[in-house]
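Below is one structure, written out as structure tokens; the observations come after it.
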2 protein chains.
Amino acid sequence: MTEKTSPPLYRRIADDLAEAIRGGAYGGGRGLPSESELSRAYGVSRGTVRQAFAQLRASGVVSSRQGARRQAQGEQRLQSMSELLSFSQWARSIGEVPGSREITAATTGSTAVVAAALDLAEGSQVLHVVRVRLLSGSPAMLEDTYYPERLAPLILSADLARDSLTERLERQGVHLEEAEHHIRAVPATPCVAELLDVAEGAPLLRTTRRTTEPNGRVVEFSVDHYRGDAVAFVVRNSAASTTTARVTAPGAG
Amino acid sequence: MTEKTSPPLYRRIADDLAEAIRGGAYGGGRGLPSESELSRAYGVSRGTVRQAFAQLRASGVVSSRQGARRQAQGEQRLQSMSELLSFSQWARSIGEVPGSREITAATTGSTAVVAAALDLAEGSQVLHVVRVRLLSGSPAMLEDTYYPERLAPLILSADLARDSLTERLERQGVHLEEAEHHIRAVPATPCVAELLDVAEGAPLLRTTRRTTEPNGRVVEFSVDHYRGDAVAFVVRNSAASTTTARVTAPGAG
DNA sequence: AAGTGGTCTAGACCACTAC
DNA sequence: TAGTGGTCTAGACCACTTG
């Protein structure tokens, strides 16, 4: 009985516009409908239309200048937060087939670093999952993820080679509210090098990721190593918005 | 005669709140002033106060839940876009002394890649500036920046070892509206290794950056190499906002 | 000059939280 | 139950762009 309260009007309008823009309408610098046109069309006040546009502007979908009609901001795939979190969703969105080879999935005592990241006492039991993530069959990333023990049953009952854990968690009512990623460059250690099929010492993008629920509880802490020749991150920012995305490295050697 | 139009009311309110939060008021989960309190205090309508809060929420400074007072979102230094763009501003914000060693500053013909990034015809003249950027005296980044020729007089009249070009451009009326950063890991080439004082093949964070004015004209295209052991990037995202920052690498080896 | 987005007001009702 | 934020309306004036 999860009562769905109907979404607000401005949301509906924003979604309609976003979909039309994705579909290629408003392409060639022609300008979007004006606020007055939309408020007539939807039978709402101008304030509601402005609220819809505020949301689109914050996510980088449209730009605006006083006096002129709003413009659709082309190209940039509106990567949602879930797309940045889920390897599977991301892979599918760029037309690759996601896959993974499970290396480990076991409960262990936590080290100081892991315990701190998960807000637990050092030595607490945590679930440690190690997977090599594949893009259409070739290794792209080594994922080292730690979950608090309470999530262990949920995770271990999944098919780690095939399922998207992120999607599974969402379906089970674990909502991912906020994530923090730290991105740096490190050399491949022998062990990582072998798993990713690169030379020892080869440059890797190492990201650590900490994801929390709306109430602040930590859902996962993950240390990921991307092949430096396979993946890059894109940050796009303006006064109005900042967006981030993961992309396959262009001109990869 | 640059007439300063006074900023809107909601901006003033948002700035006041942001500064109070930075200063540590509203620290211990006590909740911010309510909308009605603020509208009384400033003598404005509730809509104006909400506009101020919308801005703070979009930049990740406050969170809100229906029914409860808004909360300040601790710690995260509100890095503005300019702080991500300007090495000097960033260095000062983390308490380091910015510096640079100029390597090259000359006009040259553009390669295909540079010309494409600057929206010019291949072979057009561009200004090429190469600098080693220092954090309190030690090399942290090699910066390879290309400017369209029209900006050459402005750039060349600066003291490249000391001035912040970003700040100089802003003062001269060149407003930086949008930037796109691509971040990946690459091995140090012999030449770069020597300039950054690292071993050949050492992992570096390479970012390419393309910055545009409000009218879409490209201001700069830059290829930067950060020492992998010195610098990291942080991306923090939630449903409400995404922010990015550059940080010095923790536990650097 | 007409149209557009930016700012602001003064109300209203609702869903939710805190006590 | 009182207070809070979320949604929405119907107006107003202004700054700016476009013809």
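Quick note on labels: first sequence line is chain A, next is B, and so on, each numbered from 1. Note that the coordinates shown come from a computational prediction; the quantities given were computed from them, not determined experimentally.
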**Request:** For B:Y10, enumerate each residue passing the ring pair (Phe, Tyr, Trp, His ring centres under 6.0 Å) test, keeping only those at least two apart in sequence or located in another chain.
**Result:** none
**Prompt:** Does B:A117 offer a backbone N or O that forms a donor-acceptor pair with the side chain of B:R210 under 3.5 Å?
**Reply:** yes
**Message:** Within the 4.0 Å limit for protein heavy atoms, which parts of nucleotides 3-10 of chain D are touched? Write it as a string from 5' to 3', B for base, S for sugar-phosphate only, - for none.
**Reply:** BBBBBSB-
**Asked** Looking at residues at least two apart in the chain, or sitting in another chain, which of them share a ring pair (Phe, Tyr, Trp, His ring centres under 6.0 Å) with B:Y146?
**Response** B:H128
**Asked** Looking only at side chains, do B:T212 and B:E178 share a donor and an acceptor under 3.5 Å apart?
**Response** no
**Message:** In this structure, how many angstroms lie between the C1' atom of D:dT18 and the CD atom of A:Q71, rounded?
**Reply:** 13 Å
**Prompt:** Can you check whether B:Y226 and B:F233 have ring centres sitting under 6.0 Å from each other?
**Reply:** yes
